[in-house]
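Everything below concerns the one structure shown next.
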Amino acid sequence: MAGGLEQVGAFSMIGSVSHPANSPWTPSHPAPYLARLNPEQREAVEALDGPLLVLAGAGTGKTRVLTARFAHILLTGRAAPSQVLAVTFTNKAAREMRERVAAMLGRPVEGLWLGTFHALGARMLRRHADRAGLSSNFTILDADDQLRLLKQVMEAERVDAKRWPPPALMALIQRWKDRGLPPARVPESEEPEFAGGRTRSVYAAYQARLQALNAADFGDLLLLPTELLRTDPDILAQYHRQFRYILVDEYQDTNLVQYLWLRLLAQGHRNLCCVGDDDQSIYSWRGAEIENILRFEKDFPGATVVRLERNYRSTAPILAAAAALIAHNEGRLGKTLRPGAETETAGRAAGGAAGEKIQLVALWDSDEEARMVGERAEALRRAGESLAEMAVLVRAGFQTRAIEERLITIGLPYRVVGGLRFYERAEIRDALAYARVLVQPADDLAFERIVNLPRRGVGETALRAMHERARAEHTPLSEAAARLVAAGALRGKAREGVAFLLAGFARWRAQLEAEGHVIAMATMLDESGYTTMWQQDTAPDAPGRLENLKEFLRALAEFESLAGFLDHVALVMENEANADGERVSLMTLHAAKGLEFDTVFLPGWEEGLFPNQRSLDEGGIKSLEEERRLAYVGLTRARRRVIVSHAANRRLYSGWQSAIPSRFLDELPESEIERSGSAALGRAARQAAPVAFPLQVRPRVQEAWEQAPRPPQRAALAVGSRVFHEKFGYGTVTSVENDRLDVTFETSGPKRVLDRFVVAA
DNA sequence: AATCTAGTGTTTTTT
DNA sequence: ACACTAGATT
């Protein structure tokens, strides 16, 4: 910390004004990092004292403000690097901020407390682990381990795991942790009708078990430090002394425990700066509380609020459409995106001063939709656009499959962002389990995972004996295993297998000391038989798994110690593979937050899918608003071009399901959109077409969406009209709401359909 | 202890 | 359709 102070010694530590006397910069000649900001951004950077909420709309230069503020605090001598706490949600955001701050200062910065909530929580918890009943080398469990542990606890507590699904109980416990509630403080009134009213005691047992294993789950990384700050005045005072300034990114996504943690830390100097956008809050289902940002001014009286509304990313039509859409939400802090100066340039570059309209494409089915995306992407590429600047953003993961298949067929390179991450692959998790046992023999979960992997004859019976012994003598599983072998309590293959493994670990530990973690790890994987297991596996993916293990060792080599590597894996878990290149990106809308592309495809805007029916069933109007925010996030990812589409029929599970266009489409201003697509053709044209089913024999109108768009023809249909639908046949209209009809069909019963899809019969 | 079979549930998932 | 899991089977 002292070193940090010296680093900024060129500037006065006493100076409480923004521009110290010995600074070369003055208000009329500000530092370059200030000069490039617009007035609102600059206000957000320079308002250093007291609580500050920066409402930063999409594309308004949020990251620039955060990093400039960070640099400003350091360069004005307000604080040393170690005295600023900067919190983000993603590792990517943390890395980006670190790099940009270093670039602004012209040198790498040491001793920063900059990272994700979880990484910083872990750092704090390791410092004071003893006060939380852990030792500082505790293991961080991933979701998989958590669930397995909970299952064990449920069994021990005699809670029937068949009647009460463990994942549901896990979710319950996580929600409590998200709200900063350790077992003892979960109110009795919150005991749900679950597990025979014993959820709280299972939670308590689960926590006890974690402690015994010297392990923390993800929720604990915030829950436990917050409890420490709450209950230990000395620790709290220590951090109050340390952190003069606190910066928080994506504040709209914080949950209650993160809020409590921040509030406790901010009580010291009250220099809390939170940046966020209530319109981009899309993680409520993970415990995020949008109320945190809505309540900021009440929570921190005297807070300054700065709105960043000048968007430098998207064209005017995109901004107008996004603004119109999000205006349908209530309970917003209120903020309207408007084009910033640079956007007009972007618009001209795109071929017209105003920019392209939002393209709304109506398709017959999801296959046709996939073809449309593929062909338009291909056409754009032929026109000289980069595939890396195109993204397909979907509501649900399964939607990517149809599009992937199409892109493969036409040979267009793509990447799927998200999905299975490197460290979630089975072989990597196995290798990690070996590493964990090596570092911490008491890691029962890891030991259990690998004790019979590869198969060495240690079955259920042997494992049960180990568990019993471990419980009776209060030792870790590996220790119990050793005693069982010594006592001759295990027989045959089980005895040989366990003895072999334990001898191996003794050897590998010695090797770890002598020759380092990379050699030890490689030897361990070979000598344990793990590598051989995959070499002998004839499955088609076995070679790939061996390749992944090599990659694992390469990654390991970049770390100084195994423990450091394990922390990195638990906290950073990134998919390094196919990171960039000339490819179209496919991902969920959730995964797209914070990214931007020239061209954005938004397929699947259909009722039920988007907004998602399940989401609506669970959360009602609040969920509908969150779905709408998701749509807003999607639109605002685009710099120059948006193609929204919906299909009348979608492949689902085994069969087909029909769907009406999303209500969000009606919320886009007609003046900013341009319609096209086969399913948007006039009724007359469709009547002339052969009956649609079965789909396989329906002739395709491949280039339909390239035909001149026609305005949708509104039917003069009234209640009682007899109508014909291509899929459902004949029926009678029972109600009319705008372009939506409730129709009782003679063969398929009542359905809600769009008037475009029926004809008067 | 390994393998087969019937049953189940298929939204989003920063750490 | 399909993948994953728990339970039964050998």
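Residue numbering restarts at 1 for every chain, and letters A, B, ... go by the order of the sequence lines. Just so you know, these numbers come straight off a predicted model, no measurement behind them.
Within 4.0 Å of A/E250, counting heavy atoms only, lies no atom of the nucleic acid at all. Nucleic acid contact class of A/V87 (heavy atoms, under 4.0 Å, all strands): none. Among the protein residues, A/G397 comes within range of the sugar-phosphate backbone only, with heavy atoms under 4.0 Å from sugar or phosphate atoms but none that close to a base. Across all strands, A/G457 comes closer than 4.0 Å only to sugar-phosphate atoms, never to a base (heavy-atom distances). Within 4.0 Å of A/F117, counting heavy atoms only, lies no atom of the nucleic acid at all.
One can place CG of A/L589 at 10 Å from P of B/dT13, the figure rounded to the nearest angstrom. A straight line from CZ of A/F398 to C1' of B/dG9 spans 14 Å, rounded to a whole angstrom. Residue A/N612 contributes atom CG, which lies 9 Å from atom P of B/dT12 at whole-angstrom precision. Here the C1' atom of nucleotide B/dT14 and the CG atom of A/L595 are 11 Å apart, to the nearest Å. Summarising the geometry, the separation between CD on A/E405 and P on C/dA1 is reported as 14 Å, rounded to the nearest angstrom. Atom OH in A/Y283 sits roughly 17 Å away from atom P in B/dT11 (whole-Å rounding). Rounded to whole angstrom, the span from the CG atom of A/D142 across to the P atom of B/dT14 amounts to 13 Å. Atom C1' of nucleotide B/dT13 and atom CE of A/M170 are separated by 15 Å, given to the nearest angstrom.
Put simply, A/R614 has a side-chain N or O that comes within less than 4.0 Å of OP1 or OP2 on B/dT11. Contact annotation: A/T588 reaches the phosphate of B/dT13 (side-chain N/O to OP1 or OP2, under 4.0 Å). Taking 4.0 angstrom as the limit, A/N91 places a side-chain polar atom (N or O) nearer than this to OP1 or OP2 of B/dT15.
The aromatic rings of A/F559 and A/H568 sit tilted relative to each other, their planes meeting at an angle between 30° and 60°. By the 30° and 60° cut-offs, the orientation of the rings of A/F218 relative to A/H118 is tilted.
Of all nucleotides listed (B/dT11, B/dT15, C/dA6), B/dT11 comes nearest to the side chain of A/S615. Closest to the side chain of A/W285, out of B/dT13, B/dT11, B/dT15, is B/dT13. Set against B/dT14, B/dT13, B/dT15, the side chain of A/D253 has B/dT14 as its closest nucleotide. For A/A396, the listed nucleotide lying nearest its side chain is B/dT11; candidates were B/dT11, B/dT15, B/dT14. Set against B/dT14, B/dT11, B/dT15, the side chain of A/R395 has B/dT11 as its closest nucleotide.
A salt bridge links A/R175 with A/D178: the closest approach of a Lys/Arg side-chain nitrogen to an acidic carboxylate oxygen falls below 4.0 angstrom.
Atom CZ of A/R123 is surrounded by more than 12 heavy atoms from other residues, nucleotides or ligands within 6.0 Å. Heavy-atom neighbours of A/E155 CD from other residues, nucleotides or ligands within 6.0 Å: at or below the threshold of 12.
By the 6.0 Å and 45° rule, A/R126 stacks over the aromatic ring of A/F138.
Take the nearest nucleotide of DNA chain B for A/E627 and for A/R455: the residue whose nucleotide is more 5' is A/R455. Closest-nucleotide positions on DNA chain B for A/E460 and A/T116 were compared, and the one nearer the 5' end corresponds to A/E460.
Distance noted for atom P between C/dC2 and B/dT13: 23 Å (whole Å).
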